[in-house]
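Below is one structure, written out as C-alpha coordinates; comments come after it.
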There are 2 protein chains.
Amino acid sequence: MKNRARTPNDIGHAIRQARKAKKLTQKDLAERSGVWQETISKVENGLSDTKLETVFDIFAALDLEILVQGRSKGSADSFEDIF
Amino acid sequence: MKNRARTPNDIGHAIRQARKAKKLTQKDLAERSGVWQETISKVENGLSDTKLETVFDIFAALDLEILVQGRSKGSADSFEDIF
DNA sequence: AATATATATGATCTGTAGGGCATAAATGCC
DNA sequence: GGCATTTATGCCCTACAGATCATATATATT
(Lines give C-alpha, C1' and ligand atoms only; values in the text may rest on other atoms or scores of the structure.)
Protein backbone atom coordinates (compact mmCIF):
# COMPACT_ATOMS: atom_id res chain seq x y z
CA MET A 1 0.00 0.00 0.00
CA LYS A 2 1.66 3.15 -1.20
CA ASN A 3 0.29 6.60 -0.71
CA ARG A 4 1.26 9.61 -2.70
CA ALA A 5 1.79 12.75 -0.66
CA ARG A 6 2.14 16.26 -1.95
CA THR A 7 0.92 18.20 1.04
CA PRO A 8 1.21 18.01 4.82
CA ASN A 9 -2.40 16.89 4.83
CA ASP A 10 -1.54 13.84 2.75
CA ILE A 11 1.07 12.89 5.32
CA GLY A 12 -1.52 13.15 8.05
CA HIS A 13 -3.86 10.90 6.13
CA ALA A 14 -1.15 8.35 5.53
CA ILE A 15 -0.32 8.29 9.21
CA ARG A 16 -3.91 7.82 10.28
CA GLN A 17 -4.39 5.13 7.71
CA ALA A 18 -1.29 3.22 8.75
CA ARG A 19 -2.08 3.62 12.43
CA LYS A 20 -5.58 2.22 11.98
CA ALA A 21 -4.29 -0.58 9.81
CA LYS A 22 -2.08 -1.58 12.72
CA LYS A 23 -4.98 -1.14 15.13
CA LEU A 24 -3.19 1.34 17.30
CA THR A 25 -4.74 4.20 19.20
CA GLN A 26 -3.15 7.62 19.10
CA LYS A 27 -2.04 6.94 22.63
CA ASP A 28 -0.35 3.70 21.63
CA LEU A 29 1.39 5.46 18.81
CA ALA A 30 2.36 8.28 21.12
CA GLU A 31 4.06 5.83 23.46
CA ARG A 32 5.93 4.07 20.70
CA SER A 33 7.02 7.18 18.87
CA GLY A 34 7.72 9.51 21.75
CA VAL A 35 5.40 12.05 20.18
CA TRP A 36 2.49 13.34 22.24
CA GLN A 37 -1.02 12.09 21.53
CA GLU A 38 -2.18 15.68 21.18
CA THR A 39 0.48 16.29 18.57
CA ILE A 40 -0.46 13.17 16.66
CA SER A 41 -4.04 14.31 16.56
CA LYS A 42 -3.00 17.64 15.09
CA VAL A 43 -0.70 16.03 12.58
CA GLU A 44 -3.33 13.57 11.39
CA ASN A 45 -5.77 16.41 10.91
CA GLY A 46 -3.29 18.73 9.31
CA LEU A 47 -3.71 21.29 12.06
CA SER A 48 -0.07 22.13 12.39
CA ASP A 49 2.94 22.63 10.20
CA THR A 50 4.68 19.57 11.54
CA LYS A 51 8.43 19.29 11.70
CA LEU A 52 10.24 16.62 9.76
CA GLU A 53 11.73 15.06 12.85
CA THR A 54 8.26 14.54 14.29
CA VAL A 55 7.03 12.96 11.09
CA PHE A 56 9.93 10.56 10.94
CA ASP A 57 9.53 9.64 14.59
CA ILE A 58 5.95 8.68 13.86
CA PHE A 59 6.89 6.92 10.65
CA ALA A 60 9.50 4.84 12.43
CA ALA A 61 6.93 3.75 14.99
CA LEU A 62 4.60 2.72 12.18
CA ASP A 63 7.32 1.13 10.13
CA LEU A 64 6.77 3.55 7.35
CA GLU A 65 9.30 5.13 5.09
CA ILE A 66 9.31 7.72 2.39
CA LEU A 67 10.21 7.38 -1.22
CA VAL A 68 11.12 10.60 -2.97
CA GLN A 69 10.39 10.48 -6.66
CA GLY A 70 9.59 12.69 -9.61
CA ARG A 71 5.94 13.59 -9.94
CA SER A 72 3.94 11.19 -11.98
CA LYS A 73 0.48 11.72 -13.30
CA GLY A 74 0.23 7.97 -13.09
CA SER A 75 -2.52 6.19 -11.20
CA ALA A 76 -1.58 4.36 -8.02
CA ASP A 77 -3.84 4.72 -5.05
CA SER A 78 -3.30 8.29 -4.03
CA PHE A 79 -5.31 10.16 -1.45
CA GLU A 80 -7.22 11.83 -4.19
CA ASP A 81 -8.67 8.43 -4.88
CA ILE A 82 -9.34 7.45 -1.34
CA PHE A 83 -10.56 10.56 0.40
CA MET B 1 15.12 7.79 -9.71
CA LYS B 2 13.61 7.04 -6.34
CA ASN B 3 15.27 7.80 -3.07
CA ARG B 4 14.38 6.23 0.19
CA ALA B 5 14.20 8.64 3.10
CA ARG B 6 14.01 7.77 6.77
CA THR B 7 15.54 10.88 8.27
CA PRO B 8 15.47 14.63 7.65
CA ASN B 9 18.99 14.26 6.33
CA ASP B 10 17.80 11.91 3.61
CA ILE B 11 15.30 14.52 2.53
CA GLY B 12 18.05 17.09 2.30
CA HIS B 13 20.11 14.76 0.17
CA ALA B 14 17.20 14.05 -2.12
CA ILE B 15 16.60 17.75 -2.58
CA ARG B 16 20.20 18.52 -3.37
CA GLN B 17 20.34 15.63 -5.76
CA ALA B 18 17.20 16.65 -7.60
CA ARG B 19 18.26 20.29 -7.69
CA LYS B 20 21.62 19.44 -9.21
CA ALA B 21 20.01 17.08 -11.66
CA LYS B 22 17.92 19.99 -12.87
CA LYS B 23 21.00 22.22 -12.87
CA LEU B 24 19.52 24.79 -10.57
CA THR B 25 21.38 26.88 -8.05
CA GLN B 26 19.99 27.28 -4.56
CA LYS B 27 19.06 30.79 -5.57
CA ASP B 28 17.12 29.54 -8.58
CA LEU B 29 15.31 27.07 -6.40
CA ALA B 30 14.66 29.75 -3.83
CA GLU B 31 12.97 31.91 -6.43
CA ARG B 32 10.82 29.10 -7.74
CA SER B 33 9.83 27.73 -4.38
CA GLY B 34 9.48 30.89 -2.37
CA VAL B 35 11.85 29.48 0.21
CA TRP B 36 14.97 31.44 1.09
CA GLN B 37 18.31 30.35 -0.28
CA GLU B 38 19.69 30.34 3.25
CA THR B 39 16.91 28.02 4.31
CA ILE B 40 17.52 25.69 1.39
CA SER B 41 21.16 25.48 2.34
CA LYS B 42 20.23 24.48 5.86
CA VAL B 43 17.68 21.95 4.69
CA GLU B 44 20.06 20.31 2.24
CA ASN B 45 22.64 19.97 4.97
CA GLY B 46 20.22 18.84 7.61
CA LEU B 47 20.99 21.83 9.79
CA SER B 48 17.43 22.50 10.82
CA ASP B 49 14.33 20.60 11.70
CA THR B 50 12.49 21.70 8.62
CA LYS B 51 8.75 22.09 8.55
CA LEU B 52 6.66 19.96 6.24
CA GLU B 53 5.28 22.95 4.41
CA THR B 54 8.78 24.09 3.53
CA VAL B 55 9.72 20.66 2.27
CA PHE B 56 6.66 20.44 0.08
CA ASP B 57 7.22 23.93 -1.28
CA ILE B 58 10.67 22.86 -2.37
CA PHE B 59 9.42 19.54 -3.67
CA ALA B 60 6.80 21.25 -5.79
CA ALA B 61 9.44 23.49 -7.33
CA LEU B 62 11.51 20.42 -8.15
CA ASP B 63 8.57 18.39 -9.34
CA LEU B 64 9.09 15.87 -6.64
CA GLU B 65 6.55 14.00 -4.66
CA ILE B 66 6.53 11.59 -1.79
CA LEU B 67 5.41 8.04 -1.65
CA VAL B 68 4.63 6.71 1.80
CA GLN B 69 5.12 3.00 2.08
CA GLY B 70 5.88 0.29 4.56
CA ARG B 71 9.56 -0.18 5.26
CA SER B 72 11.25 -2.62 2.97
CA LYS B 73 14.68 -4.06 3.39
CA GLY B 74 14.53 -4.33 -0.36
CA SER B 75 17.18 -2.86 -2.63
CA ALA B 76 16.33 0.25 -4.65
CA ASP B 77 18.88 3.01 -4.72
CA SER B 78 18.66 4.39 -1.26
CA PHE B 79 21.00 6.92 0.23
CA GLU B 80 22.73 4.17 2.07
CA ASP B 81 23.88 3.04 -1.33
CA ILE B 82 24.78 6.43 -2.69
CA PHE B 83 26.33 8.29 0.17
C1' DA C 1 -28.44 5.97 28.62
C1' DA C 2 -24.43 5.22 31.41
C1' DT C 3 -19.66 4.07 31.37
C1' DA C 4 -15.31 3.60 29.31
C1' DT C 5 -12.12 4.61 25.86
C1' DA C 6 -10.42 7.48 22.20
C1' DT C 7 -9.74 11.78 20.01
C1' DA C 8 -9.83 16.74 19.85
C1' DT C 9 -9.20 21.34 21.79
C1' DG C 10 -7.28 24.94 24.50
C1' DA C 11 -3.90 27.33 27.31
C1' DT C 12 0.88 28.19 28.83
C1' DC C 13 5.77 27.97 28.07
C1' DT C 14 10.21 27.07 25.72
C1' DG C 15 12.75 26.36 21.66
C1' DT C 16 13.58 26.96 17.15
C1' DA C 17 12.27 27.54 11.99
C1' DG C 18 12.30 30.70 8.58
C1' DG C 19 12.05 35.54 6.78
C1' DG C 20 15.19 39.17 6.17
C1' DC C 21 19.77 41.12 5.54
C1' DA C 22 24.86 40.95 5.67
C1' DT C 23 28.82 38.59 4.82
C1' DA C 24 32.08 34.77 5.02
C1' DA C 25 33.71 30.74 2.84
C1' DA C 26 33.90 27.76 -0.92
C1' DT C 27 33.75 26.71 -5.81
C1' DG C 28 34.39 27.66 -10.62
C1' DC C 29 36.33 30.12 -14.47
C1' DC C 30 39.74 33.01 -17.04
C1' DG D 1 46.20 34.45 -8.63
C1' DG D 2 42.00 37.14 -9.22
C1' DC D 3 37.09 37.78 -10.15
C1' DA D 4 32.37 35.95 -10.18
C1' DT D 5 29.15 32.92 -8.67
C1' DT D 6 27.42 29.78 -5.39
C1' DT D 7 26.84 28.11 -0.87
C1' DA D 8 27.24 28.51 4.10
C1' DT D 9 27.01 31.26 8.53
C1' DG D 10 25.52 34.50 11.79
C1' DC D 11 22.33 37.72 13.86
C1' DC D 12 17.76 39.73 14.78
C1' DC D 13 12.89 39.07 15.00
C1' DT D 14 8.37 37.03 14.74
C1' DA D 15 5.53 33.02 14.46
C1' DC D 16 4.44 28.78 15.68
C1' DA D 17 5.54 23.56 16.89
C1' DG D 18 5.59 20.55 20.47
C1' DA D 19 5.84 19.40 25.54
C1' DT D 20 2.76 19.30 29.28
C1' DC D 21 -1.53 19.35 31.73
C1' DA D 22 -6.55 19.84 31.82
C1' DT D 23 -10.73 19.04 29.81
C1' DA D 24 -14.15 18.74 26.27
C1' DT D 25 -16.07 15.86 22.62
C1' DA D 26 -16.75 11.93 20.21
C1' DT D 27 -16.93 6.99 19.65
C1' DA D 28 -17.57 2.54 21.20
C1' DT D 29 -19.30 -1.11 24.51
C1' DT D 30 -22.56 -3.16 27.62
Side-chain angles (χ1 to χ4, degrees), chain A residues 1 3 5-66 68 70-71 79 82-83, chain B residues 1 3 5-66 68 70-71 79 82-83:
Chain A
M1 167 67 81
N3 286 313
R6 292 182 177 178
T7 67
N9 247 307
D10 293 340
I11 297 291
H13 285 143
I15 288 172
R16 172 156 294 175
Q17 196 175 291
R19 176 175 65 80
K20 295 227 160 141
K22 288 192 154 50
K23 301 214 194 302
L24 297 173
T25 67
Q26 289 182 350
K27 199 169 165 224
D28 293 334
L29 182 52
E31 276 155 14
R32 299 183 184 208
S33 63
V35 175
W36 250 241
Q37 176 266 316
E38 292 84 340
T39 300
I40 292 173
S41 169
K42 282 177 202 153
V43 173
E44 286 187 355
N45 292 295
L47 297 180
S48 81
D49 193 358
T50 320
K51 294 193 232 160
L52 266 187
E53 194 67 52
T54 304
V55 171
F56 280 114
D57 284 348
I58 295 173
F59 273 26
L62 289 172
D63 256 296
L64 293 177
E65 67 180 7
I66 275 177
V68 180
R71 292 201 175 188
F79 288 107
I82 301 170
F83 297 97
Chain B
M1 169 65 85
N3 287 313
R6 293 181 176 178
T7 67
N9 248 306
D10 293 341
I11 297 291
H13 284 143
I15 288 172
R16 171 157 294 177
Q17 196 175 291
R19 176 175 64 80
K20 294 226 160 143
K22 288 192 155 49
K23 301 213 195 301
L24 297 173
T25 66
Q26 289 182 350
K27 200 169 164 222
D28 294 334
L29 182 53
E31 277 155 13
R32 299 185 183 207
S33 63
V35 175
W36 251 241
Q37 176 265 316
E38 293 84 341
T39 299
I40 292 174
S41 169
K42 282 177 203 153
V43 173
E44 287 188 355
N45 292 295
L47 298 180
S48 82
D49 194 357
T50 319
K51 295 193 231 159
L52 266 187
E53 193 66 53
T54 304
V55 171
F56 280 114
D57 284 348
I58 295 174
F59 272 26
L62 289 171
D63 256 295
L64 294 177
E65 68 181 8
I66 276 177
V68 180
R71 292 201 174 188
F79 289 107
I82 301 172
F83 299 95

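Below, read A as the first sequence line, B as the second, and so on, with proteins coming before strands; counting in each chain starts at 1. Note that the structure is a prediction, hence the values are computed from the model and not measured.
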Please round to the nearest 0.5 Å and tell me the distance separating atom CZ of A/Phe59 and atom CD1 of A/Ile15.
5.0 Å

What's the angle between the local helix axes at either end of the helix from C/dA1-D/dT30 to C/dC30-D/dG1, using five pairs per end and rounding to 10 degrees?
70°

Test side chain to side chain contact (heavy atoms under 4.5 Å, CB included) applied to A/Ile58 and A/Ile40, step by step
CA-CA 8 Å; A/Ile58 295 173; A/Ile40 292 173; 4.2 Å; yes

Atom CZ of B/Arg16 and atom P of D/dT7: how far apart are they, to the nearest Å?
8 Å

Rounded to the Å, how far apart are B/Gln26 CD and C/dG28 C1'?
15 Å

Expressed as a whole number of angstroms, how long is the span from B/Arg19:CZ to D/dT5:P?
17 Å

Shortest non-hydrogen pair, B/Ala5 vs A/Val68, comes out as CB-CG2, 4.4 Å

Any B/Ser41 side-chain N or O less than 4.0 Å from OP1/OP2 of D/dA8
yes

When the distance from CD1 of B/Ile15 to P of D/dT7 is rounded to whole Å, what number comes out?
14 Å

Verify the distance criterion only: is there a donor paired with an acceptor across the side chains of A/Thr25 and A/Asp28 at less than 3.5 Å?
yes

Length of the CD-P vector between B/Glu53 and C/dG19, whole Å:
11 Å

Value in whole Å for how far the C1' atom of C/dA8 lies from CD1 of A/Ile40
13 Å

Separation of atom CZ in B/Phe56 from atom P in C/dG18, rounded to whole Å
14 Å

Using a cut-off of 4.0 Å between protein heavy atoms and nucleotide atoms, how would you tag nucleotides 11-30 of chain D 5' to 3' with B, S and -?
------SSSBBB--------

Please round to the nearest 0.5 Å and tell me the distance separating atom OG of B/Ser48 and atom CG of A/Leu52.
8.5 Å

Contact check, side chains of A/Phe56 and B/Ile11, non-hydrogen atoms, under 4.5 Å:
yes

Please confirm whether the shortest side-chain N or O distance from A/Asn45 to OP1 or OP2 of C/dT7 is below 4.0 Å.
no

How long is the line joining CD of B/Glu31 and C1' of C/dG19, in whole Å?
16 Å

Are the side chains of B/Gln26 and B/Arg16 in touch, meaning some heavy atoms are under 4.5 Å apart?
yes

Whether B/Glu65 and A/Arg71 form a salt bridge (side-chain N of Lys/Arg under 4.0 Å from carboxylate O of Asp/Glu) is what I want to check.
no

A side-chain contact here means heavy atoms from C-beta on lying under 4.5 Å apart; do A/Leu24 and A/Arg32 qualify?
yes

